[in-house]
Amino acid sequence: MLEVYPILCRVGRMDNYSYLIRDKASNISAIIDPSEAKPIIDKCQELGIAPQYILNTHHHYDHTDANLEIKEKYGAKVVGNIKDSSRIPGFDIGVEAGKSFMLGESKAEIIDASAHTQGHILWYFPQDKILFTGDTLFNLCVGGLFEGSVAEMFEALQKIKALPDDVVFYPGHEYTLYAARDALAYLPQSAALKNYILKAQQRLSQGLPVAPVSLGEEKQCNPYLMAATLADLTNLLQ
Ligand code: ZN
Ligand code: FE
C-alpha cells in the first residue's frame, strides 16, 4: 500500500506540489518532484521519514530545484526518464516508458507523456490506483506545450483516459481555481463541474489540496480530457 502526503511548495508564486510517498510494506519512501527543500524537509521531519528516492516527472526547475539538497541530506537516489539524464539535476537511475520501477513492494508503471516537455513521464501505481501527472494533467486543465505539439498532448491524454475511472491523480501544481473559470465557460450547464468546483473551494478553504480527484470525475469535468478529437483539443488550446 502506498501512502501519499502532498506538500505545497512555492506558495502563492507557482503553487507546486511535491509529494512524499511511502510504500507501507517495505517502509521505502520517495519524494515526487522536489520543488522546494524547506517544506519537504519539514514534512519528512514531522513524519520521521528519510526518503530513499527522488522520482521526477520532467526536467523543469520548479520540479527538480530541490533534487540536490534532498539527495545530499538523505542520500536519496534521483530517478527519471533516461532521456532526461542530462537535464535532471543529480540524475542516478534511468527509467523507460513502458517499463516499471519498484518502490519497495509498490510497482510504478512509467507512462510516456511527452508534450509539456519531451521526456515527460507519468508515474502510475496500478495496485493502489494512484497516478502522478506532473505538468501533463492538472485539475480542470492541462500543462502548456513547451516542447511538444497538440497532437502529442492529445496522445498523452488518451493514455490517461484509458486508465480506470477509479484511479485518482495527483498533479504538479494547484491550478484548480484558475482553470475553473475557463472550464465553466466551456461547460456552463454542467452540474458535475459546478459540484467539482464547489468541492474544490471547500477543500482549499480548509487548507487541503484539491487532489486526489478520480479520473472518472475528471473525465466528466476537464474540457481538455473530454476533447474527443485532435481538432477539439486544438480548438481548446488556441
Ligand atoms: Zn513543467
Ligand atoms: Fe511546473
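Read the numbers this way: they start at 1 and go in the same order the structure lists the ligands and their atoms.
Aromatic pair H60/H116: centroids less than 6.0 angstrom apart.
One distance of note links OG1 of T176 with CD of Q201; it measures 10.5 Å at 0.5 Å rounding.
In summary, an N, O or S atom of H63 is located under 2.8 Å from the Fe ion (ligand 2). The Fe ion (ligand 2) has an N, O or S atom of H173 closer than 2.8 Å.
Classification of K107 and E109 as a salt-bridged pair holds, one side-chain N sitting under 4.0 Å from a carboxylate O. Salt-bridge formation is detected for the pair R87/E147: a Lys NZ or Arg NE/NH1/NH2 atom is positioned less than 4.0 Å from an Asp or Glu carboxylate oxygen.
Listed here is the closest heavy atom pair of L187 and C221: CD1-O, 3.6 Å.
With F132 as reference, Y19 is the one residue of W123, Y17, Y19 to meet the ring-ring contact (aromatic ring centres under 6.0 Å, His included) rule.
At distances below 3.5 Å, at least one donor-acceptor pair connects side-chain atoms of D128 with backbone N or O atoms of L2. Of the possible donor and acceptor atoms, none in the side chain of K161 sits under 3.5 Å from a partner among the backbone N and O of L215.
Listed by chain and number, the protein atoms of type N/O/S under 2.8 Å from the Zn ion (ligand 1) are H58 NE2, H60 ND1, H116 NE2, D135 OD2; waters are omitted.
In D62, the N, O or S atom that comes nearest to the Fe ion (ligand 2) is OD2. D135 has its closest N, O or S atom to the Fe ion (ligand 2) at the position named OD2.
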